[in-house]
Amino acid sequence: MSSKKGILIVISGPSGVGKTTLRQKLLTQFPEMKYSVSVTTRRPRKSELNRHDYVFVCMKKFKKDIEKGRFAEWAEVGGNLYGTSKNFIENAINSEYDVLLDIDVQGASQLRKLYYENGVFIFISPPSIDTLRNRLNLRKTDSEQEIDARIMLAKNEIKESNSYNYVVVNKDLNKTLEDLSRIISSEKHNKTNRK
Ligand code: 5GP
């Protein structure tokens, strides 16, 4: 009987570091890879689509899902709740699909315990805090106060980066994409051949 499973590619990093763009490009490069669409209580931003970017739910529904054990991990980030569907990732990896996740450091730490064998944990770091602040300003999605809060959060997240398998500094998008593709291809190869 085959015990082959897909792998989880977990990407974390501060808000504004470029994770969304990198994620979209990676999914184009690895079309067979599935993206884990998170559930959140946060309000949708203008460009976001329900079930594509996130599954947007109210607090009551999120809490019910916690009670029912529907999340592989969940966490509060910046005052909103975010969670990963356990069913989705289990079904995908059991069907030998690789899954890409964009989750925060708390969620990654929970998944590290559950999917130690099958997970690759990658932290995307900004070249500096100043660059991150500039990117958040350019994005124009947050108020100055929200940006300050995100910067404070980013500093704490960067402290956690040493528990990841890889830290990639996103200085140049194409170079970062190359690094990520190389990591994913090699981990896919290693983890698949180990079984
Ligand atoms: P944003 O609101 O900017 O889309 O995301 C805020 C933070 O929540 C980001 O660091 C993102 O990686 C994280 N996040 C998104 N989905 C999940 C999830 O399902 N679980 C956890 N723990 N964090 C998530």
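Everything quoted here is computed from the prediction, not taken from an experiment. Whatever order the structure lists ligands and atoms in, that order sets their numbers, starting from 1.
Counting atoms of ligand 1 from 1 in the listed order, those under 4.0 Å from a heavy atom of Gly107 are 22 (N). For ligand 1 and Ala75, the ligand atoms under 4.0 Å from any heavy atom of the residue are 22 (N). The atoms of ligand 1 that sit less than 4.0 Å from any heavy atom of Thr84 are 19 (O). Every atom of ligand 1 is numbered from 1 in the order shown, and the set under 4.0 Å from a heavy atom of Gly83 is 18 (C), 19 (O).
Tyr82 does not carry Arg42 over the face of its six-membered ring by the limits of under 6.0 Å from the centre and within 45° of the normal. Cation-pi check for Arg43 over Phe56 is not met; the charged atom does not lie both under 6.0 angstrom from the ring centroid and within 45 degrees of its normal. A cation-pi contact, defined as under 6.0 Å to the ring centre and within 45° of the axis, is absent between Arg70 and Phe88. Geometrically, Lys86 does not engage Phe71 in a cation-pi contact, judged by NZ or CZ lying under 6.0 Å from the ring centre and within 45° of the ring axis.
Interatomic distance, Ile122 CD1 to Leu26 CG, rounded to the nearest 0.5 Å: 8.0 Å. Once rounded to the nearest 0.5 Å, the distance linking NZ of Lys19 with CD1 of Ile103 reads 10.0 Å.
Side-chain contact between Leu101 and Leu8 is present, with at least one heavy-atom pair separated by less than 4.5 Å. A 4.5 Å side-chain heavy-atom check between Asn170 and Arg135 finds at least one atom pair inside the cut-off.
Remark: among candidates Asp102, Asp142, Ile124, the nearest residue to atom 12 (O) of ligand 1 is Asp102, based on non-hydrogen atoms. Residue nearest to atom 3 (O) of ligand 1, selected from Arg42, Glu48, Arg45: Arg45 (by heavy-atom distance).
Summary of contacts: the protein heavy atom closest to atom 6 (C) of ligand 1 is Tyr82 OH, 3.6 Å. The shortest contact between atom 7 (C) of ligand 1 and any protein heavy atom is with Val77 CG1, 3.8 Å. Here the heavy atom of the protein found nearest to atom 9 (C) of ligand 1 is Lys19 NZ, 3.5 Å. Protein heavy atom in closest approach to atom 16 (N) of ligand 1: Ser38 OG, 2.9 Å. Among protein heavy atoms, atom 20 (N) of ligand 1 sits closest to Glu73 OE2, 2.7 Å.
Proximity of Tyr54 to ligand 1 is established by a heavy-atom distance of less than 4.0 Å.
Checked options Val39, Asn80, Thr40, Val55; the residue passing with Phe62 is Val39 (criterion: side chain to side chain contact (heavy atoms under 4.5 Å, CB included)).
Only the side chain of Arg150 comes within contact range of ligand 1, with a heavy atom under 4.0 Å; no backbone atom does. Using a 4.0 Å cut-off between heavy atoms, Asp104 contacts ligand 1 through both its backbone and its side chain.
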